[in-house]
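One structure below.
Chain letters run A, B, ... following the sequence lines, proteins first, then strands; residues in each count from 1.
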2 protein chains.
Amino acid sequence: MDTPRWLDDDQQRAWRAYLRMQAQLGAALNRQLQAACNLSLADYDVLVHLTDVPDGRLRPYELQRALEWEQSRLSHHLSRMQRRGLVERQECADDGRGAFVVLTQAGREAITTAAPGHVETVRALFFDALGPEQVEALQQLTTQVLARLDAAGG
Amino acid sequence: MDTPRWLDDDQQRAWRAYLRMQAQLGAALNRQLQAACNLSLADYDVLVHLTDVPDGRLRPYELQRALEWEQSRLSHHLSRMQRRGLVERQECADDGRGAFVVLTQAGREAITTAAPGHVETVRALFFDALGPEQVEALQQLTTQVLARLDAAGG
DNA sequence: ACGGAATAGATGATGTGTCATGTAGGTTGA
DNA sequence: TCAACCTACATGACACATCATCTATTCCGT
């Protein structure tokens with residue numbers, strides 16, 4: 001950190017635009033999900049992962065790695081979703097420490113209802129603004145940054 | 001929402017990569033700021049805006065518009081920052097409803113300490129992974145999405 | 001077989017963000 | 001001038017995220 005290189009003008013502009021977009025896009029997606037189905041983006045992600053798997057059932061630690069969430073975040077979040085009847089917890093016979101999270105019928109219905117509107121919103125607010133080359137560029141660029149993040153933080 | 005167009009494979013990949021990057025980058029930047037200076041990204045943004053202005057003093061509503069935050073978010077956040085001694089609130093003579101937020105000495109020192117490390121981290125984790133064309137592409141692309149968001153949500 | 005280390009998970013405290021609502025002071029037009 | 005309205009700001013309730021910590025179980029080397 002001795003003599004920090006500042007960002008040049010292009011980087012500044014890009015960074016500010018990115019921060020603005022990131023904040024507004026996230027807020028808009030959250031609002032849509034909330035208004036349409038009373039779900040948060042976090043709920044949505046959990047439900048998607050559970051839906052993608054036979055029996056709609058996963059060990060919390062699997063879910064955690066898939067979501068790349070902190071363990072306690074997942075635990076708290078599952079408690080809230082359980083309280084709302086979207087998932088249940090079950091005992092795990094194989095591993096006495098462990099558990100299962102299972103999609104309830106209500107959870108399945110929630111994600112089924114939510115998905116079309118959510119995807120449509122992502123498309124309408126994001127991809128409809130971009131050409132295919134830009135999508136490709138974004139994919140490339142984010143992947144490079146992710147590699148850097150993985151290298152740095154683990 | 002009748003027959004929603006799903007996302008194509010490229011869009012799927014780009015979207016997932018974007019979500020991952022967004023989450024991890026935000027978390028990494030927050031952790032760095034927290035570890036180095038006991039500040040959050042939100043604190044940082046508030047302090048930057050106050051630093052950029054003569055007397056380090058703004059009306060909350062000006063700050064709110066600059067940050068594009070919800071009004072109550074700013075109000076709560078200022079309360080927390082005030083409690084930690086980073087800002088103060090002052091009366092506004094001109095407008096009986098209004099107030100001023102002022103940077104304290106501690107606030108000024110915090111941002112001065114924080115800035116180099118933060119910028120360095122942004123560079124290290126983000127811009128060092130990208131070429132100039134990619135920065136340009138990102139800037140272009142985010143600007144287009146922002147235009148769409150503004151058109152949609154106000 | 002056992003003791004230490006690693007793993008699975010829950011929990012409480014605290015900071016953060018949103019929504020709904022409240023309050024007081026400005027503004028405007030009949 | 002005064003009623004209707006708008007604007008600036010605060011607050012309480014609640015959802016969400018992180019950190020530190022705790023418990024229980026499994027794993028692994030000796």
Side-chain angles (χ1 to χ4, degrees), chain A residues 22-35 37-46 58-102 153, chain B residues 22-35 37-46 58-102 153:
Chain A
Q22 185 259 24
Q24 294 200 27
L25 188 55
L29 294 178
N30 250 314
R31 270 196 303 273
Q32 186 275 327
L33 266 180
Q34 202 69 51
C37 318
N38 204 32
L39 293 178
S40 65
L41 270 175
D43 298 331
Y44 186 87
D45 281 345
V46 169
L58 280 173
R59 296 287 298 272
Y61 80 91
E62 298 176 296
L63 200 46
Q64 182 204 331
R65 286 166 199 179
L67 290 163
E68 303 182 289
W69 283 9
E70 306 229 340
Q71 185 270 320
S72 81
R73 175 183 178 184
L74 179 61
S75 190
H76 284 299
H77 204 90
L78 289 176
S79 296
R80 289 188 297 261
M81 292 181 73
Q82 185 174 25
R83 183 149 38 85
R84 291 192 289 150
L86 297 169
V87 300
E88 274 175 6
R89 293 197 226 236
Q90 288 177 355
E91 274 194 359
C92 176
D94 293 355
D95 187 336
R97 304 163 293 182
F100 281 104
V101 210
V102 203
Chain B
Q22 186 259 24
Q24 295 200 28
L25 187 54
L29 294 178
N30 250 314
R31 270 195 303 274
Q32 186 275 327
L33 266 179
Q34 202 69 50
C37 317
N38 203 32
L39 292 178
S40 65
L41 270 175
D43 298 331
Y44 186 88
D45 281 346
V46 169
L58 280 173
R59 295 287 299 272
Y61 79 91
E62 297 176 298
L63 201 45
Q64 181 203 333
R65 286 166 198 180
L67 292 163
E68 302 182 287
W69 282 8
E70 306 228 342
Q71 185 268 320
S72 80
R73 175 181 178 185
L74 179 60
S75 190
H76 283 301
H77 204 90
L78 289 177
S79 297
R80 290 188 296 261
M81 292 182 72
Q82 185 175 24
R83 182 149 39 85
R84 292 191 289 148
L86 297 169
V87 300
E88 276 175 7
R89 294 198 225 238
Q90 288 178 354
E91 275 196 356
C92 177
D94 293 355
D95 187 338
R97 303 163 296 182
F100 281 103
V101 207
V102 201

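Atoms CD (A:Gln82) and P (C:dG9) sit 14 Å apart, rounded to a whole Å. Distance A:Leu86 CG to D:dA15 P: 13 Å, rounded to the nearest Å. What separates CG of B:Asn30 from C1' of C:dG17 is a distance of 13 Å, to the nearest Å. B:Asn38 has its CG atom 12 Å from the P atom of D:dC19, to the nearest Å. In this structure, A:Glu70 atom CD and D:dT21 atom P are separated by 15 Å, rounded to whole Å. Residue A:Leu39 contributes atom CG, which lies 13 Å from atom C1' of D:dA15 at whole-angstrom precision. Straight-line distance from the CG atom of A:Leu58 to the P atom of C:dA8: 14 Å, rounded to whole Å. Regarding B:Glu91, its CD atom lies at a distance of 13 Å from the C1' atom of C:dG25, rounded to whole Å.
For the pair A:Asn30/A:Ser40, a side-chain contact is recorded, criterion being any heavy-atom separation below 4.5 Å from C-beta on. A:Trp69 has its side chain within reach of A:Val46: a pair of non-hydrogen atoms, C-beta onward, lies under 4.5 Å apart.
Shortest non-hydrogen contact noted between B:Cys92 and B:Gly98 is CB-C, 3.6 Å. Closest non-hydrogen pair, B:Ser75 versus B:Arg89, comes out as O-NH2, 3.5 Å.
Summary of the strand contacts: B:Arg59 and A:Asp94 both lie near DNA chain D, and taking for each the nucleotide with the nearest heavy atom, the more 5' one is attributed to B:Arg59. Residues A:Leu78 and A:Arg31 each lie close to DNA chain C; by heavy-atom proximity, the contact nearer the 5' end of the strand is made by A:Leu78. Of the two residues near DNA chain D, B:Tyr61 and A:Arg83, the one whose nearest nucleotide lies more 5' is B:Tyr61.
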B:Glu88/B:Gln82 under side-chain hydrogen bond (donor to acceptor under 3.5 Å, both in side chains): CA gap, chis, key distance, verdict = CA-CA 6 Å; B:Glu88 276 175 7; B:Gln82 185 175 24; over 6 Å; no
Can you check nucleotides 11-14 of chain C for protein contacts, nitrogen or oxygen pairs under 3.5 Å, and list what you find?
unit_1 : atom_1 : unit_2  : atom_2 : d
C:dG12 : O6     : A:His76 : NE2    : 2.6

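With hydrogens and angles disregarded, a donor-acceptor distance shorter than 3.5 Å links the side chain of A:Glu62 to the backbone of A:Arg59.
Between A:Arg80 and A:Asp43, no side-chain nitrogen of the basic residue sits less than 4.0 Å from a carboxylate oxygen of the acidic one, so the salt-bridge criterion is not met.
Contacts of A:Asp95 with the nucleic acid, taken as non-hydrogen atoms under 4.0 Å apart, involve only primed sugar atoms and P, OP1 or OP2. Across all strands shown, A:Arg80 has heavy atoms under 4.0 Å from base atoms, whether or not it also approaches the sugar-phosphate.
Look at B:Arg65 and you'll find a side-chain N or O under 4.0 angstrom from OP1 or OP2 of D:dA8. Here A:Arg97 does not reach the OP1 or OP2 of C:dA10: none of its side-chain N or O atoms lies under 4.0 Å away.
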